[in-house]
Amino acid sequence: MATIRQAINETIERVRIPTPTRLRDLIRQIRAARTAAEERAVVNRECAYIRSTFREEDSVWRCRNIAKLLYIHMLGYPAHFGQLECLKLTASPRFTDKRIGYLGAMLLLDERQDVHLLITNCLKNDLNSPTQFVVGLALCTLGAIASPEMARDLAGEVEKLMRSPNAYIRKKAALCAFRIIKRVPELMEIFLPATRSLLNEKNHGILIAGVTLITEMCEKSSDTLNHFKKIVPNLVRILKNLILAGYSPEHDVSGVSDPFLQVKILRLLRILGHNDPDASEAMNDILAQVATNTETSKNVGNTILYETVLSIMDIKSEGGLRVLAVNILGRFLLNSDKNIRYVALNTLLRTVHADISAVQRHRSTILECLKDPDVSIRRRAMELSFALINSQNIRAMSKELLVFLEKADPEFKAQCSSRMVHVAERYATSIRWRLDTLLSVLIAAGNYVRDDVVSSTIHLILNSPPEEQAYIGLRLWSSVHNVANSEEKQPLLQVAVWTIGEYGDLLLSSERIEEHQLVDIYQRLLWSTSVSTTTKQYALVSLAKLSTRIRTKEEETRVKQMIEAFGSHLNIDLQQRGVEFAQLFRDYSHLRPALLEKMPKIQKTLPNGTDVDGGGAFDDQQPSIDLIEGGDDGDASLMINTSGGSMVGKLGSDSRALLDLLGGGDDPIDGLGLVPTADVLITGSTTATTNGKPVVPTSTTTTTTTTTGNNQDLLDLLGSLDMPASTPPAAVNSSLGATSPLGGIGLDLNSLNDNSIKNGTGGPPNLLANSSSSFGGLDNLLNSNPISPTMPPVLPGLGSPLAGLGGSLTSPTSPTALVCSSTTNGSASLFSDFSAAAINNNDEHAKLLTALDKNGILVQLSAKHTGGALQILMTATNNSLTTLEQYLFQAAVPRSFSLQMLSPSGSTLPPGGTITQEMRVTSTAKATLRMRLRISYQSDGSPVQEQTEVSGFPEEPTE
């Protein structure tokens with residue numbers, strides 16, 4: 001009776017409330033809108049009506065309104081106000097309402113919404129519904145919108161459904177488990193037992209779902225992958241049954257039995273057999289059967305063959321099977337479908353490293369693909385062609401690729417030309433062939449040539465024998481002379497004018513070219529409006545060089561006039577070149593031949609600073625530098641040893657900059673009373689760190705020669721320490737590090753820059769350590785005279801890393817002192833004999849000297865002779881009321897003494913506090929010790945620096 005009454009009430013309600021627009025009518029209205037404004041008006045009107053029905057709790061037409069709202073949402077309009085109505089529909093007992101409600105939940109809800117949590121209980125109820133279709137709706141929704149929390153709450157319910165006797169529910173549950181594992185991988189252990197049983201199903205839908213689930217598990221976890229390697233025989237059996245099974249209308253697709261399941265199984269076999277010889281052996285036979293028995297006339301068969309090839313190439317398959325896979329891809333290249341050809345080229349490019357000899361058999365087919373009208377196929381064919389080049393086929397392949405380069409689209413020319421240069425450098429059979437190839441690349445690629453091709457060609461010409469330079473010069477001359485549209489071949493012009501300018505004498509000696517012809521070519525290029533500014537820059541420099549190669553006065557005068565004409569050019573760079581070269585002709589004509597002589601062979605500098613020739617050969621005799629860092633005591637010791645032969649360091653023109661860096665000059669050192677032949681010991685006390693750990697350089701004594709001034713000694717400090725005594729300062733560049741059995745430290749200034757030094761990089765690792773000291777001011781310590789105005793400025797940032805340079809370098813000749821920076825307290829092991837003889841200010845035999853007493857800081861030196869050396873204890877006392885930070889003590893002694901320092905007891909001086917530091921001075925000649933000191937610190941954030949000189953040290957007792 002109640003049911004009848006409810007039906008009557010619903011009928012009355014439908015009659016009373018106007019019927020809403022049907023979904024198909026709404027779609028028709030929206031499609032009929034002619035403008036976007038009309039469409040928005042229709043949508044806004046319908047949304048307003050739907051909102052009003054939601055407020056009135058209209059349950060009769062809720063399903064239809066939600067359906068319309070979902071369509072509006074698909075058009076991109078906001079529909080969030082329907083989220084709660086979707087939840088009400090999912091709670092409805094009617095299947096049609098649930099279907100629309102769950103569809104709306106999947107489209108409108110996400111885990112960021114609070115409403116998302118309200119659907120969990122509804123899903124749990126529907127997962128236990130007796131109706132399979134309701135369970136299927138809940139599983140689909142859970143797989144689509146499951147958050148990690150929701151997945152953990154309902155994973156148990158899904159696992160139970162995977163064991164359901166209903167095949168429809170088992171398939172849906174397996175797919176839902178797949179989505180849950182993608183979202184929360186740690187839940188896969190719950191599904192492992194039920195997943196294994198899915199492979200015993202006869203239903204292909206469940207098999208596909210099970211294989212997909214296992215594939216996802218194996219990709220997520222290596223332990224699960226090892227667990228499922230036992231199912232390889234089962235997968236092989238299923239695949240074999242699919243191949244040998246007869247016609248099945250339920251699963252047949254174009255004559256192939258269930259290709260979707262075959263592809264899924266092949267992909268899983270590829271994952272299980274990767275790097276596993278046993279699993280690969282078990283699947284070799286079935287892969288061979290699939291590769292030989294699959295029909296290739298239809299796209300379905302090609303799909304299976306493609307997946308088979310990927311599996312063969314990815315597992316530990318037999319050699320014959322790999323050849324079979326490559327042959328399948330070769331057949332794909334002959335297919336009329338361009339998509340299949342592209343897939344074949346792409347796969348060959350990925351697998352060419354596995355069996356390049358098998359791929360070489362299809363070289364002609366691959367080269368034919370270079371002519372394909374499809375741009376994607378041409379690109380893949382070009383990349384694969386370069387991958388196939390070796391020393392045997394370089395000539396044939398380069399000929400085909402040059403033909404391709406000449407006709408290729410502009411987007412290919414830059415990449416193709418650069419790669420041609422690379423393979424020609426790697427596999428060239430002769431220098432002449434390589435030169436001819438690079439010239440062909442320049443002609444074919446035109447202005448699309450990258451800068452690296454121009455530089456590589458110039459580098460090759462520069463390092464070629466003279467007869468090859470003359471040959472390529474004549475060929476370049478012929479190319480430029482006959483070029484019709486020079487504006488399209490600027491890189492060719494640049495290489496040509498550079499070569500003619502460098503080797504114009506070789507061209508003229510061949511008697512094929514007259515001098516006026518060369519000058520005419522330059523005049524045509526320099527006055528042409530189609531030649532780029534960069535090419536004119538090349539040509540102007542080249543013309544200046546050519547002026548020293550020609551012999552007739554008339555042509556030399558023409559060259560001079562052409563260069564002077566550029567002195568008023570609108571381009572500032574060309575104008576500057578013209579003015580400077582014209583000045584060479586006018587004022588420095590006697591220097592012009594030397595300044596414009598031929599360039600020497602270019603040497604490549606390796607990252608370690610070693611120079612090699614243009615061919616890339618390495619010198620096996622060069623000494624090695626061993627960097628030993630570490631120690632279990634928490635500090636790091638840096639030790640530099642050189643071994644084997646001599647190290648030749650090249651300073652060249654950088655020697656002047658190195659002297660500026662260290663404050664050297666031609667003036668004698670002021671204040672020490674040293675003769676010009678004296679050397680200086682620089683000693684820094686600092687706290688240097690490398691990678692956050694202290695670096696303790698070892699004490700070093702080395703030898704050098706007596707030369708004029710201390711500049712030579714400063715160069716020795718970082719360069720070779722073993723030059724002959726007769727070597728003048730000007731000969732440093734040619735005789736660095738020649739004779740010492742231990743060699744020297746060669747420091748390549750080109751590899752050092754401000755940033756690299758600040759960061760502790762640039763050079764051997766940890767050789768340059770970050771330091772808190774400021775050696776940038778040591779020029780004042782070493783030379784109190786002002787620097788000459790003509791001296792280049794001191795380079796910024798080069799200095800503090802020098803405090804970390806130390807070594808174990810000794811020499812049989814007269815010793816000199818070297819930089820030593822002492823750091824941590826843990827370095828006592830390096831100075832064990834020093835520490836044993838430590839002294840203090842209360843020692844009655846020690847002489848107390850006051851080095852500094854100013855601004856509340858008292859620095860005293862307590863000196864005493866012990867064991868043939870002078871032991872000195874520096875004590876700094878803070879008598880002021882402020883804390884002094886970053887305290888740094890530095891010292892310098894004459895060359896006839898050697899100074900070693902231990903690390904200070906600290907770097908901060910509180911009021912009334914003290915810092916101590918021990919030093920040891922040994923004498924190498926009879927002389928009076930004088931010590932210049934620099935003391936720096938920060939007081940209230942302001943840097944303070946004091947400099948003083950101390951003498952009166954106790955004399956060494958006589959026997």
Side-chain angles (χ1 to χ4, degrees), residues 414 442 445-459 461-462 476 480 483 485-504 518-550 555-600 602 652-654 656-657 660 749-750 753-755 789-793 795-796:
L442 290 172
N447 287 341
Y448 297 100
V449 170
R450 293 174 180 166
D451 292 340
D452 62 321
V453 177
V454 175
S455 60
S456 297
T457 307
I458 291 177
H459 179 268
I461 296 172
L462 187 60
L476 286 167
V480 174
V483 65
N485 43 356
S486 58
E487 69 277 0
E488 296 181 2
K489 293 182 173 57
Q490 301 290 334
L492 173 64
L493 296 179
Q494 294 165 13
V495 175
V497 296
W498 182 91
T499 306
I500 294 172
E502 286 290 326
Y503 309 109
L518 290 180
V519 180
D520 290 343
I521 282 291
Y522 280 92
Q523 186 169 5
R524 178 167 63 87
L525 294 177
L526 289 172
W527 263 254
S528 173
T529 57
S530 61
V531 175
S532 67
T533 301
T534 303
T535 305
K536 288 184 179 181
Q537 291 169 354
Y538 273 87
L540 204 55
V541 176
S542 175
L543 182 61
K545 287 203 165 192
L546 185 65
S547 66
T548 63
R549 318 289 196 259
I550 57 181
E555 298 303 329
E556 185 176 338
T557 304
R558 284 185 63 194
V559 170
K560 178 181 178 182
Q561 292 172 351
M562 291 167 59
I563 290 177
E564 288 177 345
F566 277 86
S568 57
H569 198 278
L570 292 178
N571 184 277
I572 190 65
D573 185 271
L574 292 174
Q575 182 185 118
Q576 180 180 354
R577 293 171 191 258
V579 170
E580 292 174 352
F581 288 141
Q583 192 172 5
L584 276 181
F585 277 91
R586 288 193 306 269
D587 304 331
Y588 304 99
S589 58
H590 59 289
L591 296 177
R592 193 159 48 85
L595 290 174
L596 301 176
E597 64 182 5
K598 292 181 182 179
M599 287 181 63
I602 294 178
S653 62
D654 291 324
R656 178 75 261 172
D660 295 338
L749 291 181
N750 292 323
N753 55 47
D754 188 32
N755 293 330
T790 61
M791 181 180 296
L795 299 177

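None of these values were measured; they are calculated from a predicted model.
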Heavy-atom check, side chain of [X] versus side chain of [Y], under 4.5 Å:
{"X": "Y538", "Y": "V495", "value": "no"}
{"X": "V541", "Y": "R577", "value": "yes"}
{"X": "L442", "Y": "V453", "value": "yes"}
{"X": "K545", "Y": "V497", "value": "no"}

Measuring from atom [atom1] of [X] to atom [atom2] of [Y], what distance do you get when rounded to the nearest 0.5 angstrom?
{"X": "T533", "Y": "K536", "atom1": "OG1", "atom2": "NZ", "answer": "6.5 Å"}
{"X": "D520", "Y": "L525", "atom1": "CG", "atom2": "CG", "answer": "11.0 Å"}
{"X": "I550", "Y": "L518", "atom1": "CD1", "atom2": "CG", "answer": "8.5 Å"}

Would you list the atom pairs, donor with acceptor, under 3.5 Å between side chains in residues 560-571 and any protein atom, with sequence neighbours excluded?
unit_1 : atom_1 : unit_2 : atom_2 : d
H569   : ND1    : N571   : N      : 2.9
N571   : OD1    : D573   : N      : 3.0
N571   : OD1    : L574   : N      : 3.0

(message) My understanding is that only residues two or more places apart in sequence, or in another chain, count here; which of them pass side-chain contact (heavy atoms from CB on, under 4.5 Å) with S456?
(response)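 Checked S456 against side-chain contact (heavy atoms from CB on, under 4.5 Å); matches are V421.
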(request) Please name all residues satisfying side-chain contact (heavy atoms from CB on, under 4.5 Å) with E580, sequence neighbours left out, ordered by chain then number. (result)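 With neighbours one apart ignored, the set is Q576.
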(message) Is it the case that the side chains of S528 and S530 hold a donor-acceptor pair, with the cut-off being a distance below 3.5 Å and no angle test?
(response)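 Side-chain D/A pair, S530 to S528: present.
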Where do [X] and [Y] come nearest, in terms of heavy atoms and distance?
{"X": "I461", "Y": "W498", "result": "CG2-CZ3, 4.1 Å"}
{"X": "V480", "Y": "A496", "result": "CG2-CB, 3.1 Å"}
{"X": "A539", "Y": "L526", "result": "CB-CD2, 3.7 Å"}
{"X": "S532", "Y": "Q494", "result": "OG-NE2, 4.4 Å"}
{"X": "R549", "Y": "L596", "result": "NH1-O, 2.9 Å"}
{"X": "M599", "Y": "E502", "result": "N-OE1, 3.1 Å"}

(request) Assess whether side chain to side chain contact (heavy atoms under 4.5 Å, CB included) is satisfied between I500 and L476, documenting all intermediate values. (result) CA-CA 8 Å; I500 294 172; L476 286 167; 5.6 Å; no
(request) Could you list the residues that satisfy side-chain hydrogen bond (donor to acceptor under 3.5 Å, both in side chains) with D451, not counting sequence neighbours? (result)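 Here no residue qualifies.
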(message) Strictly distance-based, threshold 3.5 Å: is any side-chain N or O of T535 a donor or acceptor partner for the main-chain N or O of L493?
(response)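 Side chain of T535 to backbone of L493, a donor-acceptor pair under 3.5 Å: no, none is there.
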(request) Can you sort out the partners of D452 under salt bridge (Lys or Arg N to Asp or Glu O under 4.0 Å), two or more places apart, ordered by chain and number? (result)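 Counting only residues at least two positions away or on another chain, D452 forms no salt bridge (Lys or Arg N to Asp or Glu O under 4.0 Å).
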Review item, side-chain donor-acceptor pairs of residues 586-595, under 3.5 Å, at least two apart:
unit_1 : atom_1 : unit_2 : atom_2 : d
R592   : NH1    : S547   : OG     : 2.9
R592   : NH2    : E556   : OE2    : 2.7

(message) For F585 and V559: C-alpha separation, side-chain torsions, deciding distance, then whether side chain to side chain contact (heavy atoms under 4.5 Å, CB included) applies.
(response) CA-CA 10 Å; F585 277 91; V559 170; 4.1 Å; yes
